[in-house]
Amino acid sequence: MQICVNPQRLGEKVTDILERMHTEENVKIKDLKIEHEKLVQKLQNIKESDQDRISGSRFEDLGPQRMQEKLKYLERIIHTRISLPTRIHIVSCAEDLRGVKKFQQSLESKLSETEERPFPRLWYRFLTAIQERKEKLLHWEQAILIFKDVMEEMKQSMISQQGSAESSLEVILKYLHSTGEIVWYYENPKLKGIVFHRPDTLVEMLRAVFRHDFEKVVTYDDRLGRISNINQNKFNMMKSDFLSQGLMTLELLHYCLLHFQLSIEAKDMFVDLMLKFDLCYEVPKMAGAPATLASSRVLRFPWFLSMDVPENVGLSWPERAPSDVVEMKIQFHFPKKLPPNVFEKLSARLQSHVLKREDWKDGTLAQRNKTKILVTRSKISGGNNIDVTMSVRGSDLQELWFLLKNARIDLLGLLQEWPFAQFEQNLYCSHCILRGDDDPFIYPAEVLDMTCPKGIYRINCQKEKNDMVPACFVYPLDSEFQDDIGEHIKVVNEFLQGLMDTIDGAGLLTDMGLSYVASKLGAEWSLVALNLGLSQPEIEQIQLDNPYQTVKQTTTSLVRWRDRQNNGSEDDILNILLKTLKDCDRGDLVKELQEKYGIADVGQ
C-alpha cells in the first residue's frame with residue numbers, strides 16, 4: 001500500500017493488523033492452556049483409576065508416558081512465548097525511503113536493551129572471511145583451510161584451540177548455525193561436509209525446484225543442455241514427467257541447478273538434504289515414464305502429483321475388503337485445517353515402509369509384501385474440515401500393525417512442528433468394518449499406545465456385547481516379536497470363518513488359511529517345505545529374512561509354494577498340501593483341517 005495515497009486508511013490497516021496479531025496470539029495461548037489442562041486431567045484420571053482401566057496391569061501402556069512428554073512440551077511453549085510488538089513501523093521503498101530511519105533507530109534502541117554476549121574475535125574474523133567468499137557453498141575441507149588461514153593471520157596457535165582446528169571449527173559452526181548466520185547440518189553424516197555460508201543460497205536452490213511457474217520459467221537452453229548432456233526432446237519428456245507425475249530425474253535437477261556451479265558431491269548432498277526434510281522420496285525407474293529409464297536416480301515430489309486417481313486403485317482396493325482379509329483403519333480429523341505440506345511430507349515418509357506404490361494428489365496406495373496401505377486426504381463439505389485416513393488390508397497381522405503404527409507415528413511426528421494444530425484421532429472397529437457396518441464403533445486413540453499382551457486373544461465387541469472379537473483388532477501386536485502370534489492367527493482365522501456364508505477347502509489356500517496351517521506347524525515346517533518342492537537355500541534365505549519368527553517363516557514358504565501352482569486345480573493343490581502334511585507325520589493336523597474346512601479324505 002502506498003503511503004502517499006491514503007494515510008488514514010493506512011493507519012486503519014496498521015491498527016487492524018495489530019489487533020489481529022494479538023487476538024490470534026491470545027487464542028493460541030488459550031488453546032495451549034486448555035490442551036495443557038486436558039492433559040493434566042487425563043493423567044490424573046489415569047492415576048486415580050489405574051486398576052479399572054481397560055488394559056489392566058496386563059497391558060504395556062505407553063499412553064501416560066507420551067502424555068507426560070507432550071505436557072512438558074506444551075509447558076515449554078507456554079513459558080517461552082515471544083512478546084508481540086505494540087506498534088508497526090511503516091516504511092517506504094520510494095527514493096526518500098520514508099520511515100526507514102525511524103525503523104533503524106527503533107531496532108538499535110531495542111538491541112541496546114538486550115544483554116550483550118561477547119563474540120570471540122577469531123570467530124568474528126572467520127565469519128567475515130567466509131562471507132567474503134564468492135562460492136555458493138563451502139565444502140568442509142575449504143572451511144578448514146579458511147579457518148587455519150584466519151588463525152595464522154591472527155597468530156593463534158593450535159594449543160589455544162585445544163590442539164585441533166577441526167574440533168574448534170565444529171564449535172564455531174554450530175554456534176553460527178544456531179544464530180542463523182550459516183546453515184550446517186552437523187548431525188547428518190551425509191550433509192556434514194557442506195557449509196551453507198550464504199543461507200539464501202539454500203533457499204534459492206529449493207526455489208529452483210519448488211516454483212509455481214516451473215512450466216513457464218524452466219525452458220530449454222541449448223548451451224545448458226550440452227553441459228547437462230540433455231537434448232531438447234529428452235528435456236521436454238523429463239519436464240512433462242515432473243509436472244504431471246512429480247517425477248524429477250537427477251539430470252533435470254542438475255540442469256535446474258547449473259547456475260549454482262555445484263560440484264557433483266554438492267549436488268548429491270542437496271538431494272540428501274531434500275530427502276532428509278521429506279521434500280521428496282526416491283523411486284525406481286518407471287516404464288510409464290520413459291524419460292526416467294536412463295536416469296541414475298529418480299525423485300518424486302508429492303506437491304506436483306496429479307489430482308486424478310490411478311485407474312487400477314479401485315481394482316486393487318475394492319470398496320469392501322475380501323472375506324479372507326483383515327482391514328484396520330485410523331482416521332485423523334482436523335476440525336479447522338490441516339497444516340500446510342503435512343500430507344505431502346507424510347507421503348514422502350511412507351516410502352521408507354513400503355516396496356511399491358501408486359500416488360495421486362490426495363492419496364497413496366502402497367504395498368509391503370502382500371499387505372496394502374491406503375492413505376487419503378479428504379475435505380469435508382461445508383468448511384475447512386479435513387480427514388486423513390490410514391487403512392491397511394492383509395493377512396499378516398504383525399505387518400498390518402507395522403504399517404499402521406508407523407504411518408501414525410510419522411504423521412504425529414510431523415504434527416509436532418505445528419503445536420497449535422487441532423486434531424482428533426480414532427481407531428475404527430475392524431469387526432464393524434468387516435461386517436459392513438456403516439456406523440462402526442470408534443475406539444479412542446490411546447489404545448494404539450498399548451501392546452496386546454500374551455494371554456489375551458478375545459475381547460467383547462463394544463457394539464454387539466454378546467460377540468467376541470480378536471483382541472489384536474484393537475490392541476497392536478509387536479511387529480518384530482510376538483511369541484504367541486500363532487494363537488492370534490488361530491483366533492482371527494476362526495473369526496473370519498464366522499463371517500463367511502460358506503466354508504470350503506478354497507479358504508485353506510488363502511494367505512490367512514495358510515497362516516493358520518503355519519501356526520499349527522512346529523520345527524517340522526522346513527521338512528514340509530522341502531517336500532513341497534522348496535530348495536534348502538531358499539528355505540535358509542526365508543529364515544534369514546524373518547529371524548526368530550517361525551510362524552512367518554512357515555507362512556512365507558507355504559504362500560510361495562502355493563503361488564507356484566499355476567496349472568493345478570484347487571482340489572489338486574489341496575491334495576498335495578494335505579498329503580505332504582500326512583507324509584511328514586502330521587496326520588493329526590490333516591484331520592483337523594478336513595473338519596474345519598469341510599475337505600474330503602485324502603488318498604494314501
For [X] and [Y], indicate whether the former's side chain and the latter's backbone hold a donor-acceptor pair under 3.5 Å.
X    : Y    : answer
S295 : V298 : no
S240 : N236 : no
K372 : W317 : no
S109 : Q105 : no
H177 : W184 : yes
T201 : R198 : yes
Y281 : P302 : no
K336 : F423 : no
S228 : L224 : yes
Q245 : L247 : no

Only counting residues at least two apart or in another chain, list the ones meeting side chain to side chain donor-acceptor pair (under 3.5 Å) with [X].
X    : answer
T371 : E399
H22  : none
Q261 : none

To check you understand the geometry: which heavy-atom pair defines the closest contact between [X] and [Y], and what is its length?
X    : Y    : result
G180 : P199 : O-CG, 3.8 Å
H197 : I182 : CA-CG2, 4.0 Å
M328 : W401 : CE-NE1, 3.5 Å
P310 : W360 : CD-CE3, 3.4 Å
E251 : I230 : O-CD1, 3.5 Å
N229 : K234 : O-NZ, 4.5 Å

Can you sort out the partners of [X] under side chain to side chain contact (heavy atoms under 4.5 Å, CB included), two or more places apart, ordered by chain and number?
X    : value
D16  : R20
E75  : H36, L71, H79
D410 : L346, R349, H353
F210 : L279, F301, W303, F304

Let me confirm one number: the [atom1]-[atom2] distance from [X] to [Y], rounded to the nearest 0.5 Å.
X    : Y    : atom1 : atom2 : value
Y220 : M238 : OH    : CE    : 11.0 Å
L448 : L412 : CG    : CG    : 9.5 Å
L414 : D278 : CG    : CG    : 6.0 Å
L243 : L305 : CG    : CG    : 12.0 Å
I130 : Q142 : CD1   : CD    : 11.5 Å
E135 : L137 : CD    : CG    : 8.5 Å

Item checked: Working for salt bridge (Lys or Arg N to Asp or Glu O under 4.0 Å), residues K30 and E25 -> CA-CA 9 Å; K30 183 179 178 181; E25 176 66 6; over 6 Å; no

Check: Quick one: salt bridge (Lys or Arg N to Asp or Glu O under 4.0 Å) pairs with a partner in residues 294-311, sequence neighbours left out?
Finding: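 Counting only pairs at least two positions apart or across chains, the salt bridge (Lys or Arg N to Asp or Glu O under 4.0 Å) contacts touching residues 294-311 are E282-R297, R300-D359.
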
Checklist line | salt bridge (Lys or Arg N to Asp or Glu O under 4.0 Å): pairs with one or both residues in residues 120-132, sequence neighbours excluded | finding: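 Those involving residues 120-132 are R125-E153.
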
Check: After noting the C-alpha distance and the side-chain angles of Q104 and E108, does the key distance pass the side-chain hydrogen bond (donor to acceptor under 3.5 Å, both in side chains) rule?
Finding: CA-CA 6 Å; Q104 181 181 346; E108 291 173 351; 3.2 Å; yes

Next item on the list: I would like to know whether R87 and S106 meet side-chain hydrogen bond (donor to acceptor under 3.5 Å, both in side chains); could you show each step before the answer?
Entry: CA-CA 11 Å; R87 62 170 296 191; S106 176; 5.4 Å; no

Item checked: Residues, nucleotides or ligands: over 12 heavy atoms within 6.0 Å of E215 CD ->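 Counting other residues, nucleotides and ligands, CD of E215 stays at 12 neighbours or fewer.
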
Next item on the list: Report, as yes or no, whether the 6.0 Å neighbourhood of atom CZ on F277 holds more than 12 heavy atoms from other residues, nucleotides or ligands.
Entry: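 Yes.
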
Without placing hydrogens or testing angles, list every side-chain donor-acceptor pair under 3.5 Å for residues 263-270, not counting sequence neighbours.
unit_1	atom_1	unit_2	atom_2	d
S263	OG	H139	NE2	3.1
S263	OG	A266	N	3.1

Item checked: Sidechain N-carboxylate O distance under 4.0 Å for D272, K276 ->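 So D272 does not pair with K276 through a salt bridge.
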
Margin query: Taking side chain to side chain donor-acceptor pair (under 3.5 Å) as the criterion, tell me which of R408, E446, Q331 meets it with Q425.
Written below: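 The single option meeting the side chain to side chain donor-acceptor pair (under 3.5 Å) with Q425 is R408.
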
Notebook entry, point to check: Can you check side chain to side chain contact (heavy atoms under 4.5 Å, CB included) on F332 and L411, steps first, answer last?
Noted result: CA-CA 9 Å; F332 283 74; L411 181 52; 3.6 Å; yes

Note to self: Is it the case that the ring center of W123 lies less than 6.0 angstrom away from the ring center of Y175?
What the structure shows: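 Distance test on ring centres: under 6.0 Å, yes.
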
Next item on the list: Look at the aromatic rings of F126 and F147 and report parallel, tilted or perpendicular, splitting at 30° and 60°.
Entry: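 If you compare the ring of F126 with that of F147, the planes turn out perpendicular.
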
Next item on the list: For side chain to side chain contact (heavy atoms under 4.5 Å, CB included), just list the numbers for T364 and L374, CA-CA rounded to whole Å, side-chain angles, deciding distance to a tenth of an Å, and then say yes or no.
Entry: CA-CA 6 Å; T364 295; L374 177 67; over 6 Å; no

Notebook entry, point to check: side chain to side chain contact (heavy atoms under 4.5 Å, CB included) between V342 and V388: does it pass, once the steps are laid out?
Noted result: CA-CA 10 Å; V342 164; V388 174; over 6 Å; no

Note to self: Could you walk me through whether F402 and R368 satisfy the side chain to side chain contact (heavy atoms under 4.5 Å, CB included) test, starting with their C-alpha distance in whole Å, then the side-chain angles of each, then the deciding distance to 0.1 Å, before giving a yes or no?
What the structure shows: CA-CA 10 Å; F402 171 85; R368 180 186 178 91; 3.4 Å; yes

Please output the side-chain donor-acceptor pairs of residues 415-422 that fall under 3.5 Å, not counting sequence neighbours, one pair per line with the distance.
unit_1	atom_1	unit_2	atom_2	d
Q422	NE2	D31	OD2	3.3

Notebook entry, point to check: Which residue pairs pass the side chain to side chain donor-acceptor pair (under 3.5 Å) test when at least one of the two sits in residues 202-213, sequence neighbours left out?
Noted result: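 As it turns out, the side chain to side chain donor-acceptor pair (under 3.5 Å) pairs with a partner in residues 202-213, which skip direct neighbours, are R211-D213.
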
Notebook entry, point to check: Distance under 6.0 Å and angle within 45° of the ring axis: does K174 meet both against Y186?
Noted result: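 Relative to the ring axis of Y186, which defines the angle, K174 lies inside both limits.
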
